[in-house]
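Presented below is the structure to which this report refers.
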Amino acid sequence: MFYGSSSASMSLPSKNRLKRQSRTFTQVLYRTLSYRDRRSVTDLPEQVRDDPAELSTQSSAPGVLKIFGDEISAGANYKSVLATPRSSAQELIKEALERYSLNKASACSYVLCDVIGRFEGPERRWRTECLRALGNNEKPLLLQDLWKPKEGYSRRFELRRRAEVEELAAKEKDTVTADINAQARKLQRNRAKGTMTLQHGSSFCRSLSETSLNLVGLPGPIRTRSARDTEIRKDGGGVKHSLYQSPHLLLLQGYNQQDCLVYLLNREQHTVGQETASARPNICLSSPDVLPLHCRIRRAVQRRSSSDQRLLLEPVTHGNVLVNFMRIERPTPLRHGDLLSFGAHYIFLYKDPLSAKPLPAQTLTRLRALARLCDSESGGVPEKGEACRMCGAVLHEPVVSRRSSKAPARGAQKRKLALEFERAHEDALVNRVLTLIEPSGDDHKLTPAYLLCLCIKHSANTFPPGSFGKLLLKIAKRIQTIAWEKTKELAQKQAQHQDPASLSLLSISDLVPDLQFIFFWMSNAIEILYFIQQKSPAYMQTIELMDDKAGSKESLLSATISANEEAMTILEEVIMYTFQQCVYYITKTLYVVMPGLLDCNPFGTESSSEQCRRTAGVCVCAVCVMPEAVRRLIQASVKMLLDWAKGAGHNHLAQKFFAKFCSAVSILATPPQQLSQMSWKALCAEHPSLKPVQLHRILTQYQLMAELGPLPIWQPSSEDEAYIYRTVDLLESFENHPPIVLPSAGFKVDLESDCVEDSIYRQLLYVRHFLWGLRTKTHPSNGCADRQEAQREPSQPHSNSHPAPPLRGEGEGEVRGTSAGLGGRGEGAGAEERPRDKPPHSIHHRNGTSIRYANQTQATDSSCPLSGCGFPFPVPVSHLGPNSDDICSVFVVDLDKGPYGLGMGLIDGLHTPLNSPGIYIRTLIPDGPAAADGRLCIGDRILAVNGTSLIGADYQSAVDLIRLGGGRLRFLVAKSDLEVTEKISASSC
Amino acid sequence: MKEYKVVVLGSGGVGKSALTVQFVTGTFIEKYDPTIEDFYRKEIEVDSSPSVLEILDTAGTEQFASMRDLYIKNGQGFILVYSLVNQQSFQDIRPMRDQIVRVKRFEKVPLILVGNKVDLESEREVAGSDGRALAQEWGCPFIETSAKSKSMVDELFAEIVRQMNYTTLPEKQEQCCTACVVQ
């Protein structure tokens, strides 16, 4: 046979095209010939299914073996010989040589090769991927039965000159190993860097300690660079050997999984430190308190015999180095059994096997003490965490962080964090997770983040590539909706406090439950955002590594990227919005508290400090509600955390933001007698942060309030005189308030971490149960039912631009309050100016999940498939069919026209048993671009082409749109359910 | 570069392989070894446009006649070869042309009638006029060639390319009332 026909076959450069052509041809032929010339139909072999992977044989021509011979005879692509499964390679070579008009006697200088390759490029050129010379007695036809090339590749038998093949094999061997080595080096580098973003596979999640342990006794690289560079590679049992030969550091307590268990000290000098872009110490420690160059361990220069070698530990300035828990400042010789601490986390045991002594007694005592220390520390932490005295919130964060750092040393029980679910249950699962935790409860507040990250991970690892992008988007949108709902609810509650009388009744304790809810989602959003940022590059890679089928990879990749970016944007929006809300409400309560503070007599020290305590208490209380990550965020902007900040060691931040406030307070706190002695110049010098006009104002008001006469000594100096009337400078401007930056550290959700909070694990187990319950149920899940119900509710368009109280306004209001107090509360308009324009919502039920879903579905349905593609969405929901509530039911498909079009037949639904208009897919030609995309099915509805809606369009105009739409077309497709699909396929055509 | 799929047909021993190999490699094979199915590629320039010829050299022996329908289905241009020293081979040509027309469902399939072995003038059994008459009836060119002396071989293949350029197979697909294969 020729040129492939329905098989994938011989015509090399245009195999596929012909294949497609011939297929469509046969279809046409069959139809028409059936009444014209029946003989011809019987002549045509009925659907001979040839294996596209075998180019040398065709089932329609049994016994014929095509032997390709481009290499030995120019122009001759292949020649056929007769062959049976019994024919040996040698016999076939002889046959083939005869066909190629070559001397049969020279058979031994030719070899039959089993060649695997594929057709590439638009020219469909054959590219050899792998070549194997057959032994003389191997039987090619038998071989075809025994093993097949992998998907997408084909096999053909080639006749080649033996010498060439051998030369080729020799050349290839080298390059292959070189590649493997390069790969290994690359992996090693990645591992050494410990980058989170580029984890190629699960195998890299193993801790280095584990790997280094495995390496003990095995040849291969070890983490210690010196070791790797020197002896290990040469000497087979190197590591095992050198552990007994060379002094080494044994890790007792580490920081994270990057740590190595053993560091050999077999060089003249070792540097210890944290790996940075510029510094690559020999011993890389990863805890943040370790300096790039933390200390050196060098071999002491000995004048006497070389056998008595000692290692000196040389600390560098500021490097926190302890030997046997004593801080050292100068080079210290190391002794067998010393305990070395680098920074707060790392503890090493120094062993010198050369001395071959047991560990000294004091080392063992210290180790015992260390163990007790660990126990008491972990035991001292109450399981549930302490409760904040102000608001009753659980103070769990410090516990978690302390625990996680202790974990490797304590060897806490390992728990595999994994959540497996089926795709069908995705929605129900996400819904359950989102409603699982009551923010005011005792459960771990980051549980949703943990669980959702697990969902994303599972989706990315298990489901078809690209599906995780959709999941991300789904999750982001749900969180967004929840946050909005909650803030609306809160705004409504707060609307009652609008009048000044009730405003004064506002206290932080009323706000806490609601604020908690907002903080809760803000912190979870932060964690999820961070997770996405870290992991999605790796997940994207799986798509990139995918086999490219007719360009579907590109569109899938771009779709996933845009979904991913959109999800991140939404999460950022949620974070910013919830943050603004928090600042707004906290400021508002402060505003109520502030006048009390400022009204009281500043000279009665007793009451003012009481007030200060109260104010600070509000702040601290507010901050208690939020997890660590959020706290940092708040700090950057809330300017009232002076006391707390000092206590929490954020002095520099506090100083920066509270300088003026402090100055003002200190002036007021100065006893009047003393103050009246101070000259303008002295005051200026003491409080450089206050502008002349501000200082002047404070002093004049002070004179009025204290009923002092004008004090000449406070007269501004002549050079400042011009400035004191610049009232523009009087009020503090927050134009240049610090930018709100997302936190960049302190994240808690780490799926690779070995130990998690009990409560998180408990919730994980609960969710697994829930999934199990879903699986055993035959009915559609609750979540679906909910959402279908929700579908019927009237749509309520969400606008992305929520009325968010501007941060700047808050800041101004706050400081105005301060100065107003000083000036006799003259300008307290800040509060009234605040936006109150949130639309009142009548239905707000705390546990009203169905309502929440309703809004959610609307939100997702109306924007999800469109974002990133710019489609108008002219489809009324009812048109999408019963299944349309699923987010994935409407999607965008980019198709490139092949040489024979898209390979997709359309039909107007009007002419089918469906009997309603709409352009549906009626046929998909196998291997056509449409079929290759994989997402399109017969019965799916095309909603739009290149942005032009097909709703209401007739068949011909739809076809014209596609015909004239260019080589690359973008379709908006609605997935149809089984019922519609059946009706469409039932149409006779 | 345009590709042309050429099928060489004719009964056994008329010189199909000899013609093809002469054209592709420029050598003449003396030995008779019945072909099963061979495939060649050659780039040539016809009327100053470069073209790639994919030539399928088929089996002339009846043993493999069953494969002929598929050759025809996939081929674009056909070279029908008979031996002018063998009357029977000339008789065999007509049913082959009928088969082409039947499979292609098209009268104007690009084809050339070739009388080979013109070097054996002394043994001629088929007169040139017979061949010419038949070609006229079919409306196709007629060439007498010799693979051995390489007479008219290159011209033959250049001519089939031209033939394929003149006539294009109808590729129009039928569309039914409501559904179509979108091109």
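Computed from heavy atoms alone, side chains included, the values below leave out hydrogens, waters and symmetry copies. Reminder, nothing fancy here: chain letters follow the sequence lines and each chain counts from 1.
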Taking 4.5 Å as the heavy-atom cut-off, does anything in residues 15-27 of chain B contact chain A, and if so which residues?
B:Val21, B:Val24, B:Thr25

Ion pair check, A:Glu98 and B:Lys31, cut-off under 4.0 Å:
yes

Does any heavy atom of chain B fall under 4.5 Å from the side chain of A:Leu82, the backbone, both, or neither of them?
both

Correct closest heavy-atom pair for A:Asn77 and B:Arg41 would be ND2-CD, 3.2 Å

Which atoms form the tightest heavy-atom contact between A:Ser80 and B:Ile36, and what is the distance?
O-CD1, 3.6 Å

Please walk me through it: do A:Arg99 and B:Thr35 pass side-chain contact (heavy atoms from CB on, under 4.5 Å)?
CA-CA 8 Å; A:Arg99 295 288 326 140; B:Thr35 305; 3.3 Å; yes

Give, as side chain, backbone, both or neither, the part of B:Thr58 having an atom under 4.5 angstrom from any heavy atom of chain A.
neither

Heavy-atom cut-off 4.5 Å, strictly under: side chain, backbone, both or neither for B:Lys42 against chain A?
neither

Determine which residues belonging to residues 134-144 of chain B lie within contact range of chain A, meaning some heavy atom pair is under 4.5 Å apart, and list them by number or answer 'none'.
none

In Å and rounded to the nearest 0.5 Å, what is the NZ to CZ distance from A:Lys66 to B:Phe39?
10.0 Å

To the closest 0.5 Å, what do you measure between CG (B:Asp33) and OH (A:Tyr100)?
12.5 Å

